[in-house]
Amino acid sequence: MAKEKFNITGMTCSACSAHVEKAVRGLEGVRTADVSLMTNSMVAEYDEGVLSPEDIIAAVIQSGYGAFLPQKAGARTQSAPQEDTMGQELAGMKRRLIWSFVFLIPLFYISMGHMMGAPLPAFLLGHGNAVAFGLTQLLLTLPIMYINDKYYKVGFKTLWNRAPNMDSLIAVGSAAAVIYGVFAIYQMGYGLGHGDMDLVAKYHMDLYFESAGMILTLITLGKFLETRSKGKTGEAISRLMDLAPKTATVLREGAEVEIPVEEVQVGDRVVVRPGQSIPVDGVIVEGQSAVDESALTGESLPVDKGPGDKVAAASINKSGFFTFEASRVGEDTTLAQMIRLVEEASASKAPIAKLADKVSGIFVPVVMGIALIAALAWLVTGHTATQALTAGVAVLVISCPCALGLATPVAIMVGTGKGAENGILIKSAEALETLHTIDTVVLDKTGTLTQGKPVVTDIIPAPGNDEDGLLCTAFCLEGPSEHPLATAIVEEAERRGVPVTSVGGFTAVHGRGVRASIGSNICFGGNRAMVEETGIDPGPLAVKADELAAQGKTPLYFGDETEQKLLGVIAVADTPKPSSKDAVAAFRELGLEVVMLTGDNRRTAEAIGKELGVTQVMAEVLPQDKERKIASLQAEGKKVAMVGDGINDAPALARAEVGLAIGAGTDVAIESADIVLMKSDLLDVAAAVELSRATIRNIKQNLFWAFFYNSLGIPLAAGVFYYALHWQLNPMFAAAAMSLSSVTVVTNALRLRFFKSKFRSDTPAAPACGGTCPLELKDKPNQGGNKTMNKTMKIEGMMCAHCTGRVEKALSAIDGVSAVEMSLEGKSATLTLSKDVDNQVLTDAVTEAGYEVVSVQ
C-alpha cells in the first residue's frame with residue numbers, strides 16, 4: 001500500500017471535500033482518502049498495483065475539482081509554495097473585494113437611495129425612465145459578476161457533475177436574481193412601448209440586481225475574513241519553519257565553509273557559534289554550550305550540552321562554541337518530522353468531523369430542493385413571483401454550509417498547532433478527539449515515572465567512618481564494573497570530586513557483588529548475601545538497609561574483608577522525576593484513574609507508587625504481557641491512555657485507545673504512539689488531556705451554532721414565519737448572515753490559540769546528573785591535588801548571545817581560566833580558575849572585547 005498527499009483546488013465548503021472523498025474512495029484499490037478543506041489537500045492510501053497517482057488525480061478532476069502532487073523537497077522549502085499560495089489567494093480575494101465594492105456602492109445608491117430620500121439623476125427618475133433605471137443597475141451588476149466569476153465557474157461545473165456545493169447555491173441564487181431583473185427590464189420595455197404603465201409600475205421596483213451584487217460582495221467579504229483567519233491557524237507550523245536556518249558552516253578539508261542547509265550531508269562536521277541556530281540534527285564532538293530547545297520541547301530553560309550529547313535542528317546556541325557531527329539532515333531532522341506530524345494531524349479527520357462532512361454531502365441538494373419547494377409554495381398560494389423569488393434565493397444563500405464545514409477542521413488545526421508549540425505532537429485528529437474520552441491513564445514506571453537510570457540516594461557510613469571515605473572505597477571497587485548500579489556510584493563519586501586509587505585482583509561475583517584489593521586489604525561491595533558469605537555481622541546497618549529496601553531502594557554493603565568490618569551502606573535507586581508526583585495529582589484532578597505498570601519487583605513498585613500517590617500498581621509484568629493488561633482494563637469498560645517510552649511499550653501503546661510516548665527527546669518518529677511528548681515531563685500528558693477537552697468543547701460549540709443557525713435560517717428564509725410574524729428574509733441580509741456565521745465559527749476556533757494548561761511545569765530543567773540529586777553538592781577542593789577557585793564578574797553592555805559569546809571567548813583565552821559560565825540575564829560571568837589570575841588581567845580582557853567591568857569578586 002502507498003500513501004500519497006495531493007493538493008486539491010476548487011474546494012470552497014465541506015460539501016466539496018465530501019464529494020472529492022466520495023469520488024476517490026469509489027476507485028478500486030483505494031483504502032482511505034481524507035480530504036482537508038483547511039489545507040486544500042488530500043491524503044490517500046491505495047494499492048500501487050491497481051492505481052497510480054494519475055488515476056486518483058483524474059478522478060478528482062472528473063468530480064469537478066483540480067488535483068496535483070506537491071513538490072517533493074525539504075520541510076522548509078516544501079511548505080513555502082503553500083504559504084505563497086495562501087498569500088496570493090488572499091491578495092486576489094482582496095482585489096476582488098475592493099472592486100466589488102467600487103461597483104456595489106453606486107448600485108446600492110441607485111437602487112435603494114431614493115427610499116432613504118437621497119437624490120437621483122433626472123434620467124433615472126419616474127416610470128418613464130424605468131428601462132434606463134434597470135439597465136444602469138444591470139451594467140453595474142455585470143462587473144461584480146465578472147469579478148466574482150469563480151462562483152459561477154465552480155458552481156455550475158459541480159452542479160453539472162451532480163455534486164453541487166456552496167458555490168452552486170451562490171451561483172444559482174445570484175443568477176436567478178439577475179435573470180429575473182433582465183426579465184423585468186423587458187417587461188418594463190414592453191409596457192412603455194404599448195402604453196401599459198401599470199405593467200411598468202409593477203416591475204419598476206421588482207429589480208433584484210442589487211441583491212445579486214450584494215450577495216456576491218458579502219460572500220467574498222466573508223470568504224476573505226475566513227481565509228485570513230484560517231491563515232492564522234498555521235502560525236505554529238510557520239514559526240517552526242522560520243526557525244530553520246538557511247545556511248550552515250561546515251568543516252571541509254580543515255576550513256570553515258558556509259553552504260546552504262540543504263547541502264549538509266550525514267557525517268559533516270558543523271560549526272555553531274553563540275546566538276546561531278543549529279541547522280541539522282547531530283552529536284556534539286567538541287566544545288560545550290547551553291542550548292535553547294524551547295521551539296522543539298517547550299522547555300523555557302536552556303539545556304547544557306557537551307561532547308556526546310545530541311542537538312536538534314532549530315535549537316539555538318545560547319553560549320559557547322561547539323562542533324557537531326550531522327546525523328540527520330533534510331526531511332529526517334527533528335524539525336522536519338515535527339512539521340510533518342502537525343501537518344498530517346491537521347489534514348486528518350476526527351470522527352466528529354466525518355459526521356459533519358456526511359451531512360454536508362447531502363445538505364446542498366436538499367437545500368436546493370427546499371428552495372424550489374418554497375418558491376413554488378409562494379406561487380401556489382397566490383403570492384407574486386417577486387415574493388417567490390425572494391424566498392427561493394434567500395434559502396439558497398443562507399444555507400451555504402460554510403460554517404458547518406469549518407466547525408471541526410479549524411479547531412483541529414489550531415489545537416494541533418497549539419500542542420506543537422508546547423512540545424505535544426498529536427499525530428492525528430482522531431487521537432486528539434479520543435483523548436478527551438479516556439478515564440484511565442496507565443503509566444510505565446522506568447523512564448516515565450522515574451528517571452530511567454539509578455542514582456545514589458543515601459550514603460550511610462559505619463561508626464568511625466565518614467561519607468567521603470565510604471564513597472572513596474566504593475568508587476575504587478565499582479570503577480572497573482560495568483553494572484548499572486556501579487555506574488551510579490561512580491557518577492556520584494566523580495560529581496563530588498572523590499579521588500580514586502588503583503585496585504588489584506578485581507573479581508565480579510555473580511549475583512553477589514565485587515571484590516578487589518585496595519592496598520594490602522581485600523575489600524568488597526555487594527548485597528546482603530555477600531556480607532553473610534564473609535561472616536561479618538551487619539549489625540545496626542542491616543536494620544537501616546531493610547528500611548531503604550522497603551522504600552524501593554537497593555542497599556549495597558561495603559566492607560573490609562581483611563579487617564572483618566563493614567564500612568557502610570550506599571543506597572541506589574531509580575528515582576522519580578521531579579514532576580511525577582504533581583502529574584499523578586493532576587490526573588486525579590482531571591478525574592482519571594491512575595495505574596502504574598512495570599516489570600520491576602512488587603516491593604520496589606509499590607514503594608514508588610506510594611511515594612507518588614499511585615494506588616493501583618501492576619508489578620512484575622513482562623513486556624509482552626503489558627498489552628494484555630491494557631486489554632483486560634478495556635474489557636472492564638475502561639477507556640485507556642497508555643504512557644510509555646514508545647519502544648519497549650509499543651504493543652501496549654498500540655492497544656490503548658490513545659498511546660502517548662514520553663521522553664522521546666529528538667526521536668519523534670515513534671510509530672506506536674498516537675501522541676509524542678517532546679519532553680520527559682508527565683505534566684505534558686495532563687496538558688494534552690486538557691488540550692483535547694478544550695478542542696472538543698470548541699468543536700461542539702461550533703457545530704451547535706452552525707446547526708442552530710441553519711435550522712433557524714432556512715425556515716426564516718423560506719417564509720415559514722411570514723403568516724404569523726410577517727417575516728421574510730431579504731437575500732442581501734441572508735448573504736450577510738451566512739458570511740457572519742462562517743466568520744463567527746472561525747473566530748471561536750481561534751480562541752484555542754490562547755489555551756494554556758494549568759498543569760504546565762514551571763520547574764527548572766533537570767540537572768546534568770540526569771535526576772533529582774538527593775545529596776547536597778558541597779564545594780570541596782579537588783583532592784587529587786589541584787585546587788580550583790571561582791570568581792564572578794559583573795559586566796555591563798552585553799545585549800545578546802553574541803555579546804556573551806565574545807566575552808566568553810576573551811576570558812577563556814586567559815591562562816588559568818579553565819571554564820567560563822555566562823549569564824546574559826544576570827549580566828555576569830562566573831569563572832572557574834585552575835590558578836590565581838589577577839583581577840586586572842580579567843578586566844583588561846573584557847574591556848578589550850568592548851564591554852565594561854563593574855566588579856570582580
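- Partners of Glu657 under the salt bridge (charged side-chain N to carboxylate O under 4.0 Å, His left out) rule, at least two apart in sequence or in another chain, do not exist in this structure.
- The main-chain N or O of Gly613 is found under 3.5 Å from a side-chain atom of Arg588 such that the two form a donor-acceptor pair.
- Nearest heavy atoms, Asn702 versus Ala411: ND2-CB, 4.4 Å.
- For Asp574, there are no salt bridge (charged side-chain N to carboxylate O under 4.0 Å, His left out) partners, not counting sequence neighbours.
- Applying the salt bridge (charged side-chain N to carboxylate O under 4.0 Å, His left out) test to Lys629 and every residue at least two apart in sequence or in another chain returns nothing.
- Within the 3.5 Å criterion, the main-chain N or O of Ala44 finds no donor-acceptor partner in the side chain of Thr32.
- Contact record, Val658 with Ala431: CG2-O, 4.1 Å, taken as the closest heavy-atom pair.
- Between Lys553 and Asp458, at least one side-chain nitrogen of the basic residue sits less than 4.0 Å from a carboxylate oxygen of the acidic one, meeting the salt-bridge criterion.
- Side-chain atoms of Lys418 come within 3.5 Å of backbone N or O of Arg753 as a donor-acceptor pair.
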Step-by-step side-chain hydrogen bond (donor to acceptor under 3.5 Å, both in side chains) determination, Asp681 to Ser579: CA-CA 7 Å; Asp681 192 342; Ser579 61; 2.6 Å; yes
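- A pairwise comparison of heavy atoms in Thr457 and Ala573 identifies CG2-CB, 4.0 Å as the closest pair.
- The shortest non-hydrogen separation linking Ile438 to Leu435 is CG1-O, 3.2 Å.
- Looking at residues two or more places apart in sequence or on another chain, you find a side chain to side chain contact (heavy atoms under 4.5 Å, CB included) between Thr554 and Leu485, Leu556.
- By the side-chain hydrogen bond (donor to acceptor under 3.5 Å, both in side chains) test, Glu589 pairs with Lys758, sequence neighbours left out.
- Scanning for side chain to side chain contact (heavy atoms under 4.5 Å, CB included) contacts around Arg697 gives Arg693, Ala694, Gln701, with sequence neighbours left out.
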Residue pair Val291, Ile316: steps toward the side chain to side chain contact (heavy atoms under 4.5 Å, CB included) verdict: CA-CA 6 Å; Val291 177; Ile316 300 173; over 6 Å; no
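- Checked against side-chain hydrogen bond (donor to acceptor under 3.5 Å, both in side chains), Asp546 has the following partners two or more places apart in sequence or in another chain: Arg528.
- Ion pairing between a basic and an acidic side chain is recognised when a charged N comes within 4.0 Å of a carboxylate O; Lys3 and Glu45 show no such pairing.
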From CA spacing to verdict: salt bridge (Lys or Arg N to Asp or Glu O under 4.0 Å), Asp34, Arg25: CA-CA 9 Å; Asp34 288 317; Arg25 286 176 178 170; 3.3 Å; yes
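- Every residue two or more places apart in sequence or in another chain that forms a side chain to side chain contact (heavy atoms under 4.5 Å, CB included) with Ala23 is listed here: Ser63.
- Of all heavy-atom pairs between Pro454 and Val572, the closest is CB-CG1, 3.4 Å.
- Once rounded to the nearest 0.5 Å, the distance linking CG of Leu682 with CG of Leu449 reads 5.5 Å.
- Under the rule for a side chain to side chain contact (heavy atoms under 4.5 Å, CB included), the partners of Glu593 that lie at least two apart in sequence or sit in another chain are Thr440, Val595, Gln616, Lys638.
- By the 4.5 Å heavy-atom criterion applied to side chains, Pro576 and Ile608 are counted as neighbours.
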